[in-house]
Amino acid sequence: MEIQTNYPLKSLNTFGIAANAKEFVSVNSVEELAEVLKENTGKKLFILGGGSNMLLTQDIDALVIHVNLKGIDVVWQDDETAHVKAMAGENWHEFVQHCTGLNYGGIENLSLIPGNVGTTPIQNIGAYGTEIKDTMISCEAMQITTQQIRTFTNAECEFGYRESIFKGLLKGQYIITSVTFGLTKVNHKINTSYGDIAAELTKKGIVTPTIKDAGEAVTAIRQSKLPDPKELGNSGSFFKNPIITIEQFEKLYILHPTMPHYTLDDTYVKVPAGWLIEQSGFKGSRYGDAGVHARQALVLVNYGNATGQELLDLSKKIQDTVFEKFGIAIEAEVNVV
Ligand code: EPU
């Protein structure tokens with residue numbers, strides 16, 4: 001393991017921002033990770049997974065540790081369920097495809113989400129009515145100060161909407177090394193009710209979809225709406241969908257009767273940020289190389305040479321305009337570095 005200096009990160013973040021790491025090392029095993037942490041105690045660290053949920057606005061003045069742990073194993077199974085453990089550095093979509101190819105069900109609606117396995121519990125990734133918390137049994141993580149591995153059960157992760165203990169109380173303290181999912185082998189609970197999944201399957205003439213069919217339908221829908229980071233730099237949803245009180249929603253609904261919304265409970269309603277941004281006139285807009293995607297206003301894009309600061313400025317302009325128009329504060333989902 002060699003620590004490199006002034007290391008370029010452009011190909012390691014899906015926004016494709018040109019920024020350097022003061023120091024950089026890639027670790028290929030749990031032992032190597034422990035060794036690097038032990039030898040560099042006291043140093044400022046930055047943990048890099050798939051680089052799909054961050055906006056680099058400056059060079060990283062730290063030792064960047066690229067978690068490149070690989071491996072997928074069925075660690076337990078019976079006739080109905082398989083517990084599949086994936087190491088943190090596995091590409092998420094390739095892992096989903098591996099599981100759907102084996103007809104293991106539960107994560108097919110999370111197809112084509114960019115990033116690596118190790119970052120999925122941090123923000124409890126979700127799409128099409130499914131979240132990581134629905135199938136995750138446990139994850140293993142190394143404590144940075146002691147290099148001890150701790151197993152976190154699903155409950156211990158304290159999952160919420162794009163939230164977990166790793167973003168909250170334990171932020172910056174642990175590095176996730178593996179995640180284990182409990183997937184169905186039979187009696188699958190395929191959820192095609194959300195969005196266009198059912199329509200996509202009908203279009204293909206599929207009446208009783210397999211797990212693989214459902215995964216492919218989600219992949220096709222995402223490909224039609226969301227930009228491929230390999231072609232157009234982006235970080236998926238830049239903002240979280242805001243949660244407002246029913247009281248505030250009812251006042252807004254009188255003024256904007258087409259506002260889409262999901263009632264969460266007796267007190268709160270979730271409103272799609274993409275709709276608020278589109279209504280504020282930003283969909284498809286472009287300022288230099290920083291822009292708002294033309295087919296999904298929740299996604300900011302880098303047309304080539306945008307700087308992180310330019311994208312951050314655009315995000316602030318969007319937040320201000322949405323707030324002026326609707327009185328709703330939308331929060332970034334990506335980590336601004
Ligand atoms: N909408 C608009 N204009 C837009 C985008 C959306 O009016 O430009 C409206 C849609 O018409 C729809 C509603 O907003 O009525 C919701 O849109 P959609 O179903 O596309 O989902 P979303 O709320 O915009 C969330 C996730 C996505 C996930 C989709 C599908 C968040 C922050 N985002 O987006 O996650 O793929 O649902 O389940 O919760 C990601 O996190 O990177 C991501 C892409």
Side-chain angles (χ1 to χ4, degrees), residues 13-15 49-55 92-93 96 107-116 119-134 159-164 167 191-200 214-215 217-229 232-244 249 252-253 256-264 268-285 291-301 315 318-319 321-322 325-326 328-335:
N13 71 98
T14 61
F15 250 128
S52 63
N53 203 39
M54 62 180 199
L55 176 66
W92 172 255
H93 181 58
V96 173
I107 51 174
E108 59 284 352
N109 284 13
L110 304 176
S111 293
L112 213 67
I113 293 184
N116 288 354
T119 33
T120 59
I122 297 178
Q123 59 152 356
N124 180 26
I125 62 164
Y128 304 102
T130 303
E131 288 177 324
I132 276 299
K133 74 165 170 53
D134 303 329
F159 289 126
Y161 169 60
R162 297 293 195 272
E163 291 293 345
S164 76
K167 274 177 97 172
N191 177 3
T192 60
S193 62
Y194 194 99
D196 309 324
I197 304 180
E200 182 66 30
V218 168
T219 302
I221 297 165
R222 287 185 73 96
Q223 278 168 339
S224 72
K225 281 192 187 166
L226 298 166
D228 179 352
L232 191 59
N234 76 88
S235 206
S237 303
F238 191 91
F239 300 100
K240 290 199 246 187
N241 286 333
I243 293 167
I244 60 174
F249 171 73
L252 284 166
Y253 198 56
H256 309 279
T258 60
M259 183 184 264
H261 56 280
Y262 316 98
T263 305
L264 297 178
Y268 294 107
V269 176
K270 189 149 87 177
V271 179
W275 185 87
L276 298 170
I277 298 167
E278 180 171 348
Q279 297 298 313
S280 303
F282 285 100
K283 195 171 186 171
S285 63
V292 179
H293 191 52
R295 277 172 282 143
Q296 165 57 289
L298 199 49
V299 178
L300 300 193
V301 293
S315 77
I318 293 170
Q319 284 171 320
T321 313
V322 166
K325 193 169 163 71
F326 297 100
I328 296 178
I330 53 170
E331 255 179 65
E333 191 206 271
V334 305
N335 300 312

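Just so you know, ligand 1 is whichever comes first in the structure, and atom 1 is the first atom listed for that ligand.
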Protein heavy atom at shortest distance from atom 23 (O) of ligand 1: Asn241 ND2, 2.9 Å
Partners passing ring pair (Phe, Tyr, Trp, His ring centres under 6.0 Å) against Tyr268 (at least two apart in sequence or in another chain): none
Distance-only N or O hit between ligand 1 and Ser235, under 3.5 Å: no
Euclidean distance, Ser224 OG relative to Gln296 CD, rounded to 0.5 Å: 10.5 Å
Passing option when Ile125 is tested against Ile107, Ile113, Asn53 for side-chain contact (heavy atoms from CB on, under 4.5 Å): Ile113
Ligand 1 contact by His293, heavy-atom criterion under 4.0 angstrom: no
N or O contact, Tyr262 vs ligand 1, cut-off under 3.5 Å: no
Expected output: side-chain Tyr128 to main-chain Ser111 donor-acceptor under 3.5 Å: no
Aromatic ring pairing Phe326/His256, orientation class (parallel under 30°, perpendicular over 60°, tilted between): tilted
Protein residue, atom and distance nearest to atom 1 (N) of ligand 1, heavy-atom basis: Trp275 N, 3.8 Å
Ligand-side contact atoms (ligand 1) for residue partner Lys225, heavy atom cut-off under 4.0 Å: 20 (O)
Closest to atom 14 (O) of ligand 1 (judged by heavy-atom distance), picking from Pro272, Ser237, Ala294: Pro272
Polar contact flag for Arg295 and ligand 1 (N/O pairs, less than 3.5 Å): no
Backbone of Gly126 reached by a side-chain donor or acceptor of Arg162 within 3.5 Å: yes
Heavy-atom protein neighbour under 4.0 angstrom from atom 40 (C) of ligand 1: yes
Residue and atom name of the nearest protein heavy atom (relative to atom 2 (C) of ligand 1), distance in Å to one decimal: Glu278 OE1, 3.5 Å
Which segment of Gln296 sits under 4.0 Å of ligand 1 when only heavy atoms are counted: both
Residue and atom name of the nearest protein heavy atom (relative to atom 28 (C) of ligand 1), distance in Å to one decimal: Ala127 CB, 3.9 Å
Lys283 neighbourhood, listing ligand 1 atoms whose heavy-atom distance to it stays under 4.0 Å: 3 (N), 4 (C), 8 (O)
Aromatic ring pairing Phe249/His261, orientation class (parallel under 30°, perpendicular over 60°, tilted between): tilted
Min heavy-atom dist Arg222 to ligand 1 below 4.0 Å: yes
Distance from atom 37 (O) of ligand 1 to nearest protein heavy atom, with residue and atom: Tyr194 OH, 4.1 Å
For atom 26 (C) of ligand 1, the protein heavy atom that lies nearest, with its residue and separation: Arg162 NH2, 3.5 Å
Under 3.5 Å: donor-acceptor pair, side chain of Ser235, backbone of Ser52: yes
Main-chain N/O of Gly160 paired with Asn124 side-chain donor or acceptor, under 3.5 Å: yes
Whether Trp92 side chain and Thr119 backbone form a donor-acceptor pair below 3.5 Å: no
Side-chain (Thr14) to main-chain (Asn234) donor-acceptor, under 3.5 angstrom: yes
Shortest protein contact, atom 38 (O) of ligand 1 (heavy atom only): Tyr128 N, 2.6 Å
Nitrogen or oxygen atoms of Lys240 and ligand 1 under 3.5 Å apart: no
Under-4.0 Å heavy-atom contact between protein and atom 10 (C) of ligand 1: no
Under-4.0 Å heavy-atom contact between protein and atom 35 (O) of ligand 1: yes
Partners passing salt bridge (Lys or Arg N to Asp or Glu O under 4.0 Å) against Lys270 (at least two apart in sequence or in another chain): none
Salt bridge (Lys or Arg N to Asp or Glu O under 4.0 Å) assessment of Glu200 paired with Arg222: CA-CA 11 Å; Glu200 182 66 30; Arg222 287 185 73 96; over 6 Å; no
Ala297 N/O to ligand 1 N/O under 3.5 Å: yes
